[in-house]
Amino acid sequence: MRILLFVTFCFLSTSLFSQENSKNMLGMSIGISVPINSFAKEICENYNSTCAKNGMMLSFDDVYFITNNIGITAVAQFSQNGLNADSIENHIKHRVSNLLLNIDNGFIFQDEDNSIANFGSWTQANLMLGSVFSLSLKSFFFDFRALAGLSVISCPDKDLSLDFLDGNFNSYEKIKNTPSIIYLLGSSVRYKLSSGYFVRLMVDWTYSKATIEINDQIINTKQVPEMNIRSDYEVSINLVYTGLSFAYNF
């Protein structure tokens with residue numbers, strides 16, 4: 001009986017301790033989205049070179065601290081990155097020229113007035129869950145987190161059209177698989193402003209993959225055979241998010 005009472009007392013003490021130290025923290029972050037590695041190459045040498053530029057990031061997070069040092073977190077995040085349109089256009093024209101030369105040895109690429117290239121931007125909407133480890137030093141708190149989840153990715157739609165004397169060529173690239181898995185490793189420094197309010201400086205690294213589908217078509221032509229070729233390639237999306245954040249702990 002004493003053992004049972006002792007175990008019950010330990011369990012209740014642990015539960016009360018956890019509830020006393022459990023805290024909820026809501027935060028909002030805004031900053032920049034910086035592409036790295038092959039996702040950031042300025043010259044598009046191949047399919048994996050996406051020529052993405054710096055963009056913007058907006059993030060909302062909720063942390064539930066199980067103890068003073070360990071918590072679980074949920075993050076909703078949105079980012080957008082433009083691209084180097086000139087480099088993308090040159091890469092597409094080079095690829096198309098090689099493709100059409102294999103079909104017609106006398107092919108000459110049309111003037112810019114006879115071609116249309118439409119581009120957009122890379123966007124990501126992420127929803128993730130993970131863990132947080134926190135250390136405190138007076139009014140400063142150092143948070144480290146690891147998360148995984150789903151990312152809905154939208155790539156720039158690359159649309160190139162050429163007019164021949166007796167036909168048309170169209171090349172269109174679009175995203176194929178979405179949502180995809182995303183991973184995040186991050187850290188932040190929190191400073192306590194007043195009771196419950198914090199300002200944070202945060203840096204996150206994210207990794208995800210996207211599959212792009214290419215559709216090349218030659219239509220309405222008698223000079224060369226009509227064609228419809230589809231192919232895929234994968235893009236590794238590496239982004240570093242950095243920015244300023246405000247949080248409320250209650």
Side-chain angles (χ1 to χ4, degrees), residues 17-41 48 50 52-82 121-154 179-210 235-250:
F17 177 80
S18 297
Q19 292 177 6
E20 181 181 354
N21 287 278
S22 297
K23 293 183 179 180
N24 206 57
M25 184 173 66
L26 296 174
M28 181 184 74
S29 307
I30 187 169
I32 60 173
S33 171
V34 181
I36 58 174
N37 299 335
S38 62
F39 195 60
K41 285 186 177 179
N48 291 327
T50 54
K53 291 183 176 181
N54 291 349
M56 56 80 64
M57 175 275 301
L58 180 65
S59 179
F60 299 92
D61 65 282
D62 184 8
V63 182
Y64 180 78
F65 285 104
I66 301 172
T67 70
N68 288 336
N69 304 108
I70 299 175
I72 55 176
T73 181
V75 175
Q77 198 173 61
F78 174 82
S79 66
Q80 185 175 54
N81 292 82
S121 59
W122 285 91
T123 62
Q124 280 188 278
N126 308 323
L127 188 60
M128 296 168 285
L129 293 173
S131 58
V132 176
F133 179 72
S134 181
L135 295 173
S136 61
L137 180 63
K138 294 185 178 180
S139 295
F140 288 92
F141 297 82
F142 302 88
D143 301 326
F144 306 91
R145 60 184 185 173
L147 299 94
L150 296 178
S151 177
V152 178
I153 304 170
S154 176
S180 61
I181 302 297
I182 185 170
Y183 304 96
L184 182 148
L185 294 176
S187 61
S188 64
V189 178
R190 282 186 287 142
Y191 177 73
K192 190 172 183 180
L193 297 174
S194 60
S195 178
Y197 291 94
F198 294 86
V199 62
R200 299 183 296 183
L201 292 176
M202 48 82 64
V203 177
D204 290 332
W205 168 82
T206 64
Y207 174 80
S208 58
K209 275 189 174 183
V235 173
S236 296
I237 303 173
N238 286 271
L239 290 167
V240 172
Y241 298 136
T242 181
L244 184 64
S245 176
F246 297 94
Y248 177 66
N249 201 347
F250 59 94

What are the two closest non-hydrogen atoms of [X] and [Y], and how far apart are they?
| X | Y | answer |
| --- | --- | --- |
| F39 | P35 | CD2-CB, 3.4 Å |
| F65 | N68 | CD2-O, 4.5 Å |
| G186 | D204 | CA-OD1, 3.0 Å |

Legend entry - F78, CZ: over 12 other non-hydrogen atoms inside 6.0 angstrom: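 Result for CZ/F78: enclosed.
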Legend entry - Test side chain to side chain donor-acceptor pair (under 3.5 Å) applied to S245 - qualifying residues, sequence neighbours left out: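 For S245 the side chain to side chain donor-acceptor pair (under 3.5 Å) partners, ignoring immediate neighbours, are S29, R200.
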Legend entry - Test side chain to side chain donor-acceptor pair (under 3.5 Å) applied to Q77 and D61, T206, N126, the passing residue: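 In the set D61, T206, N126, the residue that makes a side chain to side chain donor-acceptor pair (under 3.5 Å) with Q77 is N126.
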Pairwise distance [atom1]([X]) to [atom2]([Y]) - rounded to 0.5 angstrom:
| X | Y | atom1 | atom2 | answer |
| --- | --- | --- | --- | --- |
| N54 | T242 | CG | OG1 | 11.0 Å |
| Y207 | I36 | OH | CD1 | 11.5 Å |
| M56 | T123 | CE | OG1 | 11.0 Å |

Inset, instruction - Could you tell me which residues satisfy ring-ring contact (aromatic ring centres under 6.0 Å, His included) with Y248, sequence neighbours excluded, listed by chain and number? - result: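 ring-ring contact (aromatic ring centres under 6.0 Å, His included) check on Y248 returns Y197, F250.
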Legend entry - For F140, all residues meeting ring-ring contact (aromatic ring centres under 6.0 Å, His included), sequence neighbours excluded: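 If we apply the ring-ring contact (aromatic ring centres under 6.0 Å, His included) test to F140, skipping adjacent residues, the hits are Y191.
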Inset, instruction - Test side chain to side chain contact (heavy atoms under 4.5 Å, CB included) on K209 and S180 and set out the steps. - result: CA-CA 7 Å; K209 275 189 174 183; S180 61; 5.8 Å; no
Does some side-chain heavy atom of [Y] sit less than 4.5 Å from a side-chain heavy atom of [X]?
| X | Y | answer |
| --- | --- | --- |
| S79 | Y241 | yes |
| V63 | I72 | no |
| S208 | I153 | yes |
| V203 | W205 | no |
| Q124 | S151 | yes |
| L239 | W122 | no |
| S187 | F142 | no |

For residues 128-138, dump all side-chain donor-acceptor pairs below 3.5 Å to protein atoms at least two apart in sequence or in another chain.
| from | atom 1 | to | atom 2 | distance (Å) |
| --- | --- | --- | --- | --- |
| S134 | OG | D143 | OD1 | 2.7 |
| S134 | OG | R190 | NH2 | 3.3 |

Legend entry - Those residues that, when tested against K192, pass salt bridge (charged side-chain N to carboxylate O under 4.0 Å, His left out) (two or more places apart):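 With sequence neighbours excluded, K192 shows a salt bridge (charged side-chain N to carboxylate O under 4.0 Å, His left out) to no residue whatsoever.
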Inset, instruction - Could you pull out all residues at least two apart from L127 that satisfy side chain to side chain contact (heavy atoms under 4.5 Å, CB included)? - result: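 L127 satisfies side chain to side chain contact (heavy atoms under 4.5 Å, CB included) with A76 once adjacent residues are dropped.
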